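Positions are given from 1 along the sequence. Please read all numbers here as calculations on a predicted model, not as lab measurements.
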Amino acid sequence: MPATRTEILPDHILAAVLTLAKRERKEKRFAFRSYDFQLQGIFNELRKRYSILDAYVFSDSGPEPYSPVLDESVSRLQLSGLIGRENPNYEVVFLQDAADKFYDEVLSREFNESQQKQLREIASEFLKQVRVV
């Protein structure tokens, strides 16, 4: 009997948040300026209010809270072609067109209504904390 997957992948959570943020902005291109440590800080704060972000476990042992899982999710989304980085310092992150298609064809079915509501709220909060370019 095939196993059913009940755990939501952290990569899918991040892809959904970024896609929903783009859709809230209602712009064709969604790009924001953020260094990795800033992204870590944003998600560290948001996870305290939204249980769906429990997948991102943070360590407080360094100078700033850090989630290896979040770092790996960013890398995998970049390698898969869903997000990109531009400029020499990689501080501008942008969503590729493939992210919309991935959300519509895969992610929209993966999350229940309660989770989708959380993701929309997270996307709104995320937008308040990043500088969209």
### Task
Check the pair Phe111, Ile13 against side-chain contact (heavy atoms from CB on, under 4.5 Å), reporting the backbone distance first and the verdict last.
CA-CA 9 Å; Phe111 301 105; Ile13 294 168; 4.3 Å; yes
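- Ring geometry for Tyr35 against Phe37 counts as parallel: the plane angle stays under 30°, on a 0 to 90° scale with 60° as the upper cut.
- Minimum interatomic distance between Leu9 and Glu110 (heavy atoms only, all atoms of both residues): N-OE2, 4.0 Å.
- Counting only heavy atoms from C-beta outward, the side chains of Arg23 and Tyr103 approach each other to under 4.5 Å.
- The hydrophobic clustering, which links ILVMFWY residues whose side-chain heavy atoms are closer than 4.5 Å, places Val17 and Val92 apart.
- Residues Ile42 and Leu20 are members of one and the same hydrophobic cluster, defined by side-chain heavy-atom contacts under 4.5 angstrom among Ile, Leu, Val, Met, Phe, Trp and Tyr.
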### Message
Could you go through Asn44 and Tyr66, starting from their C-alpha distance and side-chain angles, then the distance that decides it, and tell me whether this counts as side-chain hydrogen bond (donor to acceptor under 3.5 Å, both in side chains)?
### Response
CA-CA 8 Å; Asn44 183 47; Tyr66 175 77; over 6 Å; no
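- Residues Leu107 and Ala16 share a closest heavy-atom pair of CD1-N, 3.8 Å.
- One distance of note links CD1 of Ile122 with CZ of Phe43; it measures 7.5 Å at 0.5 Å rounding.
- When all heavy atoms of Arg85 and Val74 are compared, the closest pair comes out as NH2-CG1, 3.4 Å.
- Applying the salt bridge (charged side-chain N to carboxylate O under 4.0 Å, His left out) rule to Lys48 yields the partners Glu45; only residues at least two apart in sequence or on another chain are considered.
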For residues 54-62, which side-chain N or O atoms pair as donor and acceptor with protein atoms under 3.5 Å away, sequence neighbours left out?
unit_1	atom_1	unit_2	atom_2	d
Tyr56	OH	Pro10	O	2.5
Tyr56	OH	Leu14	N	3.4
Ser59	OG	Ser61	N	3.3
Ser59	OG	Ser61	OG	2.9

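- Residues Phe102 and His12 place their aromatic rings such that the two centres sit under 6.0 Å apart.
- There is no path of hydrophobic side-chain contacts, each under 4.5 Å, that joins Phe94 to Leu77.
- By the neighbour-count criterion of 12 heavy atoms within 6.0 Å, atom CD of Glu24 is densely surrounded, having more than that number from other residues, nucleotides or ligands.
- Residues Ile8 and Val106 fall within the same hydrophobic cluster, defined by Ile, Leu, Val, Met, Phe, Trp and Tyr side chains chained together at heavy-atom separations under 4.5 Å.
- In this structure, CZ in Arg76 is found 4.0 Å from CG in Asp11, a value given to the nearest 0.5 Å.
- Comment: Glu121 does not engage Arg49 in a salt bridge, judged by the lack of any side-chain N to carboxylate O separation of less than 4.0 angstrom.
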### Task
Could you go through the side-chain contact (heavy atoms from CB on, under 4.5 Å) check for Leu95 and Leu82 one step at a time?
CA-CA 6 Å; Leu95 212 58; Leu82 296 182; 5.7 Å; no
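- Between the CG atom in Asp36 and the CG atom in Asp71 there is a gap of 6.0 Å [rounded to 0.5 Å].
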### Message
Could you walk me through whether Arg33 and Val130 satisfy the side-chain contact (heavy atoms from CB on, under 4.5 Å) test, starting with their C-alpha distance in whole Å, then the side-chain angles of each, then the deciding distance to 0.1 Å, before giving a yes or no?
### Response
CA-CA 7 Å; Arg33 189 173 303 276; Val130 294; over 6 Å; no
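- Contact of the Leu18 side chain with the Phe32 side chain is registered, since non-hydrogen atoms from C-beta on lie closer than 4.5 Å.
- The closest side-chain donor-acceptor pair between Gln40 and Ser67, if any, does not fall under 3.5 angstrom.
- For the pair Lys22 (side chain) and Arg29 (backbone), a donor-acceptor distance under 3.5 Å is absent.
- Two residues are said to be in side-chain contact when any heavy atoms from C-beta on lie closer than 4.5 Å; Ile83 and Gln96 fail this criterion.
- When every heavy atom of Ser34 is checked against every heavy atom of Leu39, the shortest pair comes out as OG-N, 3.5 Å.
- When the options Gln116, Gln115, Arg109 are evaluated for a side-chain contact (heavy atoms from CB on, under 4.5 Å) with Asn112, the one that passes is Gln115.
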